[in-house]
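A quick note: this is a predicted structure, and the numbers were derived from the prediction, not measured. Each chain gets a letter, A, B and so on, in the order its sequence line appears, and its residues count up from 1. Excluded from the calculations below are hydrogen atoms, water molecules and symmetry mates; all remaining heavy atoms, backbone and side chain alike, are included.
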Amino acid sequence: MVSNVSMAVNLGGIHMKNPVNTASGTFGHAWQFEGFYDVARLGAVTCKGVAAESWPGNPAPRVCEVSSGILNSVGLENPGARAFAEQYGDYLGELSSRGCAVIVQAVGHSVDECRRSVELLDEVAPWAAGIEVNISCPNLARGGRLLGGTPEDAEEVVSAVRPLTKKPLLVKLAPARVGEIARACEAAGADALSLVNTVNAMSINVHTRRSRLSRPTGGLSGPAIHPIAVRMVWEAAQAVSIPINGIGGVATGEDAAEMILAGATTVSVGTANLYDPAAASRVLDELEAWAVEQGVSDINELIGAFEC
Amino acid sequence: MVSNVSMAVNLGGIHMKNPVNTASGTFGHAWQFEGFYDVARLGAVTCKGVAAESWPGNPAPRVCEVSSGILNSVGLENPGARAFAEQYGDYLGELSSRGCAVIVQAVGHSVDECRRSVELLDEVAPWAAGIEVNISCPNLARGGRLLGGTPEDAEEVVSAVRPLTKKPLLVKLAPARVGEIARACEAAGADALSLVNTVNAMSINVHTRRSRLSRPTGGLSGPAIHPIAVRMVWEAAQAVSIPINGIGGVATGEDAAEMILAGATTVSVGTANLYDPAAASRVLDELEAWAVEQGVSDINELIGAFEC
Amino acid sequence: MKATRDSARAHLFDFAVVSNEQVAEGAWCMVFKSEVAALLAPGEFVEVSVPGDPSQVLRVPLSFSRADAEAGTVRIEYAVVGDGTRRLSLMRPGDTSTLVGPCGHGWRLPGGEGRVLLVAGGIGLPPVLAAAEMLAAAGRTFDAVVGAQRGSKLVGVDVDLLREAASADPASRVVVCTDDGSLGRAGFTTDAMAELLAERSYDAVLTCGPTVMMAGVARLAEGAGIACQASLERMMGCGFGACSCCNVAMRDGTSRSCCMDGPVFNAGEVAW
Amino acid sequence: MKATRDSARAHLFDFAVVSNEQVAEGAWCMVFKSEVAALLAPGEFVEVSVPGDPSQVLRVPLSFSRADAEAGTVRIEYAVVGDGTRRLSLMRPGDTSTLVGPCGHGWRLPGGEGRVLLVAGGIGLPPVLAAAEMLAAAGRTFDAVVGAQRGSKLVGVDVDLLREAASADPASRVVVCTDDGSLGRAGFTTDAMAELLAERSYDAVLTCGPTVMMAGVARLAEGAGIACQASLERMMGCGFGACSCCNVAMRDGTSRSCCMDGPVFNAGEVAW
Ligand SMILES: Cc1cc2nc3c(=O)[nH]c(=O)nc-3n(C[C@H](O)[C@H](O)[C@H](O)COP(=O)(O)OP(=O)(O)OC[C@H]3O[C@@H](n4cnc5c(N)ncnc54)[C@H](O)[C@@H]3O)c2cc1C
Ligand SMILES: Cc1cc2nc3c(=O)[nH]c(=O)nc-3n(C[C@H](O)[C@H](O)[C@H](O)COP(=O)(O)OP(=O)(O)OC[C@H]3O[C@@H](n4cnc5c(N)ncnc54)[C@H](O)[C@@H]3O)c2cc1C
Ligand SMILES: Cc1cc2nc3c(=O)[nH]c(=O)nc-3n(C[C@H](O)[C@H](O)[C@H](O)COP(=O)(O)O)c2cc1C
Ligand SMILES: Cc1cc2nc3c(=O)[nH]c(=O)nc-3n(C[C@H](O)[C@H](O)[C@H](O)COP(=O)(O)O)c2cc1C
Ligand code: FES
Ligand code: FES
């Protein structure tokens, strides 16, 4: 689509030619989508989280369907940062040179592990436009407590990793206490925030009395959580001045537009990629059409333009 | 349906002939459903929340549709406890004598208002089997803070109202920090807990850039929140030993069964009543069929029988 | 009023589509068979469950233009404005679903014996047609103003039926107007109404249409000292008094339920 | 292996139903037209979007029994086990939807020139039929064991096609068995397999069916020192490598992707 609306945005130092990004863990390592559309049209892609060393993840089944969404318990299976760069670095570097910002994601089971994965990613992924640190995975069993579940914990992680890279640093939040935690991350030096991660939830097979996943709980994602995510983006946008990458149930241009009106600078398409592999590309077209309809000359005019 | 499974349960002193209850605010004052089925077949009904004095509620529009759910911003409109008993007391008293436990709900904008509404309800609703105090309405603007949003606040409200009635006292929780808050309510003398209330959420009309409700945010309910609610019931059931009334997206017998397996003693049908007015009655039949299929002689054997 | 076990009027019914066709730009007419037909009074409505998308849970509230108790059929007209009405337009003869009804409180037969004025705008026409047939059956005379944005959006068959209902009274006038003058006279229904008020006297005004139009009609009626009933629309959660989602703010500061106390209200009591 | 821009094989295609009929107790057979037909290799699968319920978002992964590149048609067989497959069974000739494919990594033509043994259980039959036709086309000989709970659940037309594929080889044996003896011999596929192994020698075993059955087949093959390929099933989020939901635990402690590395695996490497 060719329009006169400027779609370029700046996500805390990551320059994107348009606001459409993908959500970590739902877009493989991007190359899988080249059969559906030219991935380089997207403003950015965010890769699956990687740790310093490989993680096995949870046993099968790892996914089940619920009303307007899915539950997953992948458990952050990943090959470790070096193997990741080894297998996907050439492709991702090329994607980056094709004009699509590549964001890599760091995970860890402790502050120290986070530190090591950020450090390693900074080293092995020179083509990355930014590093996102995931302080929110609900599948991470860590004494029952999330890495960044309280403002204090979040501040600790972000302060620890901040000095380790010169790249823009994103922090990915869980869907709880987002206002307070957003402020803590901003104070600790985050350049941007991604929210939200999946909502901890449960689905029981009532015939067997067991979980429909291999774990008692999993993370809810998809259209079901969209209204919750929009509210949290709005809450966070009012709490901080760093830009926000809005995530949660985005499947259409209107869903993306809601995020932007609520205060997001960029929007990540997640679960929709799985069932509608052309979703992110379509969301981009629909978002641009909306900006045209709104009569603005720059999409930035619509960020936070919700009227209440 | 006639079966050999005993369906009677005890919800903190409220004796119910079966575990099916209705969620406050989604069942009018029960009489509206007499055209759909014999309401007295239900184990209990829970009435819309009432304050000591009447509340106007929010302007229209108060409801909009989202994926697998609705958002509402009714704002606890109610005629006040005396007018409530005046208009509906005869019918509700009769319903109670027909064998259906009637639970009334008290709301307030402050601890003191809660106290007054519980006191008044105890006086004007002698036919009530129990009083539920709602410490969770997300629509209640109260300096942005919920009546029982922290364990300390919850304990304060419950301690304040506990001495005011000899009837079983239920406390209705918001969907956040349920484990800690459940413990605080139990410590303060609650006989049972109802959870969850709606999830604070947002829906924006991207053409007008305004909320689709008259308020920026509303409460999400319906099938979309069911997996979240089941997880919270499970969490609360592990935290306390008082019984739990499971609420959130229950529309089928299987949904109710999940709640019971997760640890609920009773189950309230909410939003489903609105679009499928026979839902609660059907849920009862389906729940009983499931208990038969599970080969138990008493539904109590299935409470918390989730295997993980 | 005190609620009793017998106060509940709404029941759950099956319905089967007899016909479902586009009758104007953006407007469809469906006739369905359902036992509810025998129970409906003019101005009441039904809550229809539209198949095809279980992720959209709510029913669609719809007025009707005619309920034939003998044939057991109900005729509704609707504008396709969103996904629910779009799916409704896809239903084919023989398709079945359920509805809740009768819902609400319909038109009250105006007191007196004088002429009544009906004012309908856009898709507000169906309940006004039902009112016309109610008045005709009661031997009352009426005039009608029917407006639309443009001629192509007007449900012509309803206007014909309205003329038919009025035909026992040779003095009756049915004025059609469109915003752009593409059919009938150019201008708003309120303009036509003002002219009629200047010429004739009425015992009552009954109106249904866009809120701004009804507010204007109510103002004119009040100015002329004529009782006015208006059929309101609200986003509804249930349609039968269970959820308090459909409140209508009244002038006296109180709030009423659109689905129980309405949808027809005394226009003078509404805070427009 | 390093990923490149050209590594992606899965594309999005439209498909149109040609026929869709029940072929056994609980089992349906659909033939559809789609450009994917020209790209599919035996043992691969497609991810079908089933219309009718937008609240159920995921696609349904389905193997195929035959892909005809010239006619542009694909034949799938499926058991109705839940709501997705129930809605699939309601699709009528002419109905259209979309699919993602080709997905996964199919059967590898076994090395050597000796006889191959195919073992299919229940709705695992379609990919095994595709394997039979692949072997026949390559001039390889094979025997087959096909099992079901009872005769009424067996897709007879597939067994006929399997026999047809085997017909070039007069020595070929196709053994049908049912758990209850209602068709063919009574007993499990693994019993029949054990007898065949005692009588004949095989270069390879290819199997698809319930996990417990495949585990048994894998054990027997391993005991006999025969290479075994098994087509696995997992709950899938995408089918093309985007979500890591479909992991298969391997004996060496690693984990593989069912939709990318599988669904066909060397049975000996899988942690059954
Ligand atoms: C008592 C009553 C009687 C009605 N009778 C008729 C009728 O006879 N013919 C007819 O065409 N329409 C009638 N309506 C309006 C009709 O219910 C809505 O147009 C319909 O629900 C829209 O559903 P949707 O899914 O197609 O659109 P949505 O996508 O839900 O909404 C599209 C637009 O319609 C508005 N809308 C949605 N629901 C309502 C509602 N309940 N009331 C008012 N606006 C709404 C929304 O705000 C939005 O702007 C009536 C409404 C009420 C309350
Ligand atoms: C690669 C692959 C190829 C397949 N090929 C065929 C085929 O040719 N014919 C056929 O009938 N089925 C096949 N299946 C299984 C088929 O995908 C499931 O039966 C289907 O997805 C069930 O969907 P549903 O909505 O009807 O049932 P649901 O209500 O989702 O589930 C019903 C039951 O089926 C199980 N199930 C659901 N999805 C899967 C899945 N993806 N894999 C395994 N079990 C599942 C559930 O655990 C549950 O017990 C295949 C699966 C895979 C992974
Ligand atoms: C299968 C799956 C795997 C995921 N893996 C990750 C991950 O590795 N890191 C992360 O931060 N979020 C992960 N997420 C969460 C998503 O990035 C996203 O925050 C969430 O799914 C909400 O967006 P959605 O509703 O659009 O899917 C995963 C989600 C899914 C469904
Ligand atoms: C229209 C509406 C009004 C409600 N009013 C109340 C209320 O007065 N008091 C209360 O505690 N909860 C109220 N609720 C919340 C429900 O009781 C219930 O906790 C919630 O909707 C989740 O259940 P559900 O998904 O089954 O609807 C209301 C919900 C809806 C949809
Ligand atoms: S729409 Fe539910 S009370 Fe009127
Ligand atoms: S199903 Fe998504 S990676 Fe295999």
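- With sequence neighbours excluded, the residues satisfying side-chain contact (heavy atoms from CB on, under 4.5 Å) with A/Ser194 are A/Glu132, A/Leu170, A/Lys172, A/Asn245, A/Ile247.
- Atom-to-atom distance recorded for A/Asn58:CG and D/Asn247:CG is 8.5 Å, nearest 0.5 angstrom.
- The minimum heavy-atom distance between D/Gly237 and A/Leu274, with the atom names listed, is O-CB, 3.4 Å.
- At a 4.5 Å heavy-atom cutoff, the contact between D/Arg5 and chain A is made by backbone and side-chain atoms alike.
- With hydrogens and angles ignored, the 3.5 Å screen pairs a side-chain donor or acceptor of A/Arg62 with a backbone N or O of D/Ser244.
- Neither the backbone nor the side chain of D/Ala249 comes within less than 4.5 Å of any heavy atom in chain A.
- Of the two parts of A/Val66, only the backbone, made up of N, CA, C and O, holds a non-hydrogen atom closer than 4.5 Å to a non-hydrogen atom of chain D.
- Not counting sequence neighbours, the partners of A/His29 by the side-chain contact (heavy atoms from CB on, under 4.5 Å) test are A/Trp31, A/Gln32, A/Cys47, A/Lys48, A/Phe84, A/Tyr88.
- Closest non-hydrogen pair, D/Ala8 versus A/Gly35, comes out as CB-N, 3.6 Å.
- Within residues 89-98 of chain A, the residues approaching chain D closer than 4.5 Å by heavy atoms are, in numerical order, A/Asp90, A/Tyr91, A/Glu94, A/Arg98.
- Within residues 40-60 of chain D, the residues having any heavy atom less than 4.5 Å from a heavy atom of chain A are, in residue-number order, D/Ser55, D/Gln56, D/Val57, D/Leu58, D/Arg59.
- Among all heavy-atom pairs drawn from D/Cys243 and A/Val74, the shortest one is O-CG2, 3.5 Å.
- Rounded to the nearest 0.5 angstrom, D/Met235 CE and A/Asn72 CG are separated by 12.0 Å.
- With chain A as partner, the option from D/Cys238, D/Gly239, D/Ala10 having the largest number of non-hydrogen pairs under 4.5 angstrom is D/Ala10.
- Of the atoms belonging to D/Met260, it is side-chain heavy atoms, and not backbone ones, that fall under 4.5 Å from chain A.
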